[in-house]
Amino acid sequence: MVELFFSYCHKDEDYRNEMEVHLSLLKRQGVISTWHDRRIVVGSEIDADINTHLESANVIVLLVSPYFLASDYCYEKEMARAMERHNTGEAVVIPAILHPCDWHGAPFGKLLATPTDGKPISMYANQHEAFAIISKHIREAVESISVSHISIPQLQAKPSLSVPHDNSVRSSNLRVKHPFSDHEKDEFIDASFEYVARYFEGSLRELESRYSHLQAKFRHVDNNRFTASLYSNGERSAQCTLWLGGHSFQSKGIYYSNTETSSDNSYNEQMSVGDDGYSLHLKPLGMSFIQTNSNELSQEGAAEYFWTIFIQHLQR
């Protein structure tokens, strides 16, 4: 079992608690155990306990925020030692970005941060999406750790002339490919459409609050279709319709039209479900020529892709 250490500022404790909830499956599966300073029992020496677990952890997650960067203990003691162990290959350091802050210049700024592209959790329309991405990244990191990195320090600490038989000794690289059923794909596309609808509604509301000359309208036509419109000083400047549909010989997809329409026959972009054998994702057809770093999009990535098509008319 891989030991994971949380380095965080107590002002961000709610984020750490939420992250532990999202890591519950990894803990249930016996992949990881987690530790943080709230596990210290009464009467223990705080610094000694923290140092013990900081030295034994295989994965160290830095919960990065302005408070973390401002904390002498987090930055100068925990983070500094974590990076020393990372640089020597003793542990893996994962920066998880909680809030916008100037973290790129820190010693861990060279590391690939999570969520995707280091976008802070607090900036996600649905923060559960961000925590799910972090959980996936942690699983991938844990599975990539070689068995030797975990077992060698333990064997050196307690040398023995013989190695006892232990059925619990195993690799952490246990992920295998499996086919996804049509039901799983349909459930995923249904949930994705609901996410896109919430994303548009929240983004329209935020635009309206920021710019006095803009008026927004969001309307659910039914459970499988919604429209969005933007008006600049009362004049319509952008509109679209998104719907969940598909033909009898195809899987469901999310369709986008640049007009308010009730027709399913004409659209400007379409998003379908794909998989890599490990997880499901969304992939655009590419009709809109919007640039994206990947054709394997998360729900948040797909929502932002559609939103970019919609908002680009106001950004030219």
Side-chain angles (χ1 to χ4, degrees), residues 100 115-117 119-130 132-133 188-247 250-274 280-316:
T116 307
D117 298 326
K119 178 179 178 179
I121 295 173
S122 61
M123 293 185 66
Y124 276 73
N126 184 339
Q127 292 186 3
H128 288 292
E129 172 77 7
I133 293 171
F188 180 73
I189 198 70
D190 287 348
S192 298
F193 180 77
E194 292 176 5
Y195 180 89
V196 172
R198 294 197 305 271
Y199 197 91
F200 263 73
E201 187 173 15
S203 300
L204 286 169
R205 189 181 301 116
E206 181 65 21
L207 268 182
E208 210 171 21
S209 68
R210 290 191 183 192
Y211 302 100
S212 59
H213 69 286
L214 292 180
Q215 301 85 43
K217 183 177 74 172
F218 176 89
R219 184 170 70 93
H220 270 294
V221 179
D222 54 41
N223 290 334
N224 296 324
R225 183 185 300 267
F226 70 84
T227 63
S229 300
L230 268 178
Y231 303 84
S232 178
N233 295 318
E235 299 296 324
R236 183 182 290 108
S237 54
Q239 60 183 350
C240 70
T241 304
L242 284 95
W243 68 93
L244 184 64
H247 303 290
Q250 293 178 331
S251 299
K252 284 183 179 179
I254 302 175
Y255 294 81
Y256 178 99
S257 172
N258 283 326
T259 62
E260 288 192 8
T261 178
S262 59
S263 172
D264 291 355
N265 297 322
S266 177
Y267 52 91
N268 300 101
E269 185 57 281
Q270 185 255 355
M271 199 80 68
S272 59
V273 179
L280 296 171
H281 59 260
L282 295 160
K283 53 183 182 180
L285 193 59
M287 298 171 63
S288 61
F289 303 105
I290 296 295
Q291 291 185 351
T292 178
N293 293 329
S294 172
N295 285 327
E296 299 180 0
L297 302 177
S298 64
Q299 291 178 336
E300 195 266 346
E304 182 64 22
Y305 184 92
F306 282 132
W307 177 258
T308 300
I309 302 174
F310 175 73
I311 198 68
Q312 64 181 342
H313 303 295
L314 280 76
Q315 298 174 335
R316 290 172 178 170

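With sequence neighbours excluded, the residues forming a side chain to side chain contact (heavy atoms under 4.5 Å, CB included) with Thr227 are Arg219, Val221, Thr241, Glu260, listed by chain and number. Residues passing the salt bridge (Lys or Arg N to Asp or Glu O under 4.0 Å) test with Glu208: none are found, sequence neighbours excluded.
In plain terms, the two heavy atoms of Lys283 and Val273 that are nearest each other are CE-O, 3.9 Å. Nearest heavy atom pair, residue Phe306 against residue Glu269, reads CE2-CG, 4.0 Å. Contact detail for Ile309 and Tyr256: the closest heavy-atom pair is CG2-CE2, 3.5 Å. Residue Leu314 comes nearest to Ala238 through the heavy atom pair CD1-CB, 3.7 Å, listed as atom of the first residue, atom of the second, then distance. Here the closest heavy-atom approach between residue Phe200 and residue Ala228 is recorded as CD2-CB, 4.0 Å. Nearest heavy-atom pair across Ser229 and Gln239 is OG-CB, 3.9 Å.
You'll find the side chain of Leu230 stays beyond 4.5 Å of the side chain of Glu235, heavy atoms only. In this structure, the side chains of Ile189 and Leu282 come closer than 4.5 Å at one or more pairs of heavy atoms. For the pair Leu204 and Trp307, the minimum side-chain heavy-atom distance is below 4.5 Å. Between His213 and Asn233, some side-chain heavy-atom pair lies under the 4.5 Å cut-off. A heavy-atom distance below 4.5 Å is not found between the side chains of Phe218 and Arg205.
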What pairs of donor and acceptor atoms, side-chain ones from residues 119-127 against any protein atom, are under 3.5 angstrom apart with sequence neighbours left out?
unit_1: Lys119; atom_1: NZ; unit_2: Glu300; atom_2: OE2; d: 2.4
unit_1: Ser122; atom_1: OG; unit_2: Leu98; atom_2: O; d: 3.1
unit_1: Ser122; atom_1: OG; unit_2: His99; atom_2: ND1; d: 3.3
unit_1: Asn126; atom_1: OD1; unit_2: His128; atom_2: N; d: 3.0

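Leu214 CG to Leu207 CG: the interatomic distance, rounded to the nearest 0.5 Å, is 6.0 Å. Rounded to the nearest 0.5 Å, atoms CZ (Phe226) and NE2 (His220) are 7.5 Å apart. Between the OG atom in Ser262 and the CZ atom in Arg225 there is a gap of 6.5 Å [rounded to 0.5 Å]. Considering CG of Leu285 and CD1 of Ile254, their distance stands at 13.5 Å, rounded to 0.5 Å. Here the SG atom belonging to Cys240 is positioned 5.0 Å from the CZ atom belonging to Phe310, to the nearest 0.5 angstrom. Expressed to the nearest 0.5 Å, how far CD of Gln270 lies from CH2 of Trp243 amounts to 10.0 Å.
A donor-acceptor pair under 3.5 Å links the side-chain atoms of Asn268 to the main chain of Asn258, judged by distance alone. Side chain of Ser298 to backbone of Gly301: a donor-acceptor contact under 3.5 angstrom is found. For Ser192 (side chain) and Gln299 (main-chain N/O), no donor-acceptor pair under 3.5 Å exists by modelled atom type.
By the 30° and 60° cut-offs, the orientation of the rings of Tyr199 relative to Tyr195 is tilted. By the 30° and 60° cut-offs, the orientation of the rings of Tyr255 relative to Tyr267 is perpendicular.
If you check the side chains of Thr261 and Ser263, you find no donor sitting under 3.5 Å from an acceptor.
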Practice prompt. Would you please test Met271 and Leu297 for side chain to side chain contact (heavy atoms under 4.5 Å, CB included) and show each step?
Written response: CA-CA 10 Å; Met271 199 80 68; Leu297 302 177; 4.2 Å; yes

